[in-house]
Amino acid sequence: MNDDADPGLEAIFRRLIGATGPISVAHYMAEANTHYYNRADPLGVAGDFITAPEISQMFGEMIGLWLADQWQRAGKPSPCHYLEFGPGRGTLASDALRAAGQFGFRPQVHLIEGSAQLRFEQRSRLPEAIWHDGLDSVPRQGPLLIVANEFLDALPVRQLVRAEHGWRERVVVHNGERFLPVAGARPMDSAVPAAFGDSPPGTILETCPAASGMAFEIATRLKAQGGTALFIDYGYAAPQTGSTLQAVRAHQKVDPFVDPGLADLTAWVDFAQLKQIALAGDVDCLGPVGQGDWLIALGIAGRAAALARTEPTQAQALSAALGRLVSPDEMGALFKVLAYRGSGWPQGEGFGGL
Ligand code: SAH
């Protein structure tokens, strides 16, 4: 165990596994992340990882302009709610709402955030916001303009692994020295789609029931009360096999099964599944498109040039930030943007087909 590993969570997991047997990878990831996000602010250069809104104000501004455009073309409905899932430090929301406010878009602000520590950070930037534990308490009157940036990737994934004699859930044991993922004892063949039945031993199928459930709830709300949702995350556009679970600490990839609760655990978002859910929830789905293409279509290069004219000393930093956000070698291609559109809402900019 690392010196500053939290003995709390490690001890809890060891006791739980000792008393009731191995825990699922999903259970492990859920507890580890709850612990992680409540421990400290993980974002930024001094933290563990940097997200797009923390790279540059331009990211949140582009989202704000996108939302204001949607709202205007929908006939400026009032009341109207901005709702963000997992807002981190509140940077994206404050940049987006400042940019959107120039077009008269001043929605009520609702934030769904699990971490008390991050709620505190968000309150300093968004004092007027209303916090929620989930969608249930979010108003049912008036359209919802929803944003989730790097939120779905933090939700727990369930993994099934093809063992020698059939499919098993991937579970976590402790071998006396460390935590390890292994194939569980209970047969799980009935949970595997027929197309994967004959996969070779070692194949891993990863799903994210929490993300699927959340996306379906969002679709249901958009269908009932109108509005739109933007999901921005890293992930894959077509189904694939294999574990994508990863841990990042101090900007380095580390072993997800060492020091639980001290690193950010994420997994790739399955955008094909988000499209399926839109179909099931009867809302239109736009994308996914690469984050780079989307931001460029929205005019981020022009915004960078305008900012550089106002602050010439920042020109180099702005160009570097622009590169990180849009270049296919950085966040531009791996990160994707997908939108849900409630009935009667306009086609969103940046997805083609206008
Ligand atoms: N969107 C922000 C932060 C991304 S980090 C940004 O782009 O900078 C993930 C965010 O989701 C954090 O705010 C974290 O506390 C929150 N989060 C993770 N799992 C959650 C859950 N199950 N319920 C609510 N919030 C969660």
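Just follow the structure's listing: the first ligand is 1, and inside any ligand the first atom is 1. Each residue takes its place number in the sequence, starting with 1.
A 4.5 Å side-chain heavy-atom check between Pro200 and Arg162 finds every atom pair outside the cut-off. Between Trp294 and Ile63, some side-chain heavy-atom pair lies under the 4.5 Å cut-off. Using a 4.5 Å cut-off on side-chain heavy atoms (C-beta onward), Tyr28 and Leu265 make contact.
Ligand 1 places these atoms under 4.0 Å from at least one heavy atom of Thr51: 6 (C), 7 (O), 8 (O). Against a heavy-atom cut-off of under 4.0 Å, Leu118 is close to the following atoms of ligand 1: 12 (C), 13 (O), 15 (O). Atom numbering of ligand 1 starts at 1 in the shown order; those under 4.0 Å from a heavy atom of Pro53 are 6 (C), 7 (O), 8 (O). Heavy-atom proximity to Gly114, at under 4.0 Å, picks out these atoms of ligand 1: 24 (C), 25 (N). Remark: ligand 1 atoms within the under-4.0 Å shell around heavy atoms of Gly88 are 2 (C), 3 (C), 13 (O). When each atom of ligand 1 is checked for a heavy atom of Ser115 under 4.0 Å away, the hits are 15 (O).
Remark: Asp198 CG is loosely packed, at most 12 non-hydrogen atoms of other residues, nucleotides or ligands lying under 6.0 Å away. Counting heavy atoms of neighbouring residues, nucleotides and ligands inside a 6.0 Å radius, atom CD of Glu164 does not exceed 12 of them.
Comparing Glu121, Arg89, Glu84, Glu113 by heavy-atom distance to atom 14 (C) of ligand 1, the nearest is Glu113.
Among all protein heavy atoms, the one lying closest to atom 26 (C) of ligand 1 is Phe151 CE1, 3.5 Å. For atom 9 (C) of ligand 1, the closest non-hydrogen atom on the protein side is Glu150 O, 3.4 Å. Closest to atom 11 (O) of ligand 1, if we only count protein heavy atoms, is Gly86 CA, 3.3 Å. In terms of protein heavy atoms, atom 7 (O) of ligand 1 is closest to Asn149 ND2, 2.7 Å.
Atom CZ of Arg158 sits about 5.0 Å away from atom CD of Glu169, to the nearest 0.5 Å.
In this structure, Phe231 has its ring center at least 6.0 angstrom away from the ring center of Phe85. The distance between the ring centers of Tyr236 and Phe271 does not fall below 6.0 angstrom.
Using a 4.0 Å heavy-atom cutoff, Leu92 is absent from the residues neighbouring ligand 1. Residue Leu155 places a heavy atom under 4.0 Å from ligand 1.
For the pair Arg186 and Trp167, the cation does not sit on the ring face, since its NZ or CZ is not both under 6.0 Å from the ring centre and inside 45° of the axis.
Residue contacts with ligand 1 for Thr91 are absent, since no atom lies close enough (heavy atoms, distance under 4.0 Å).
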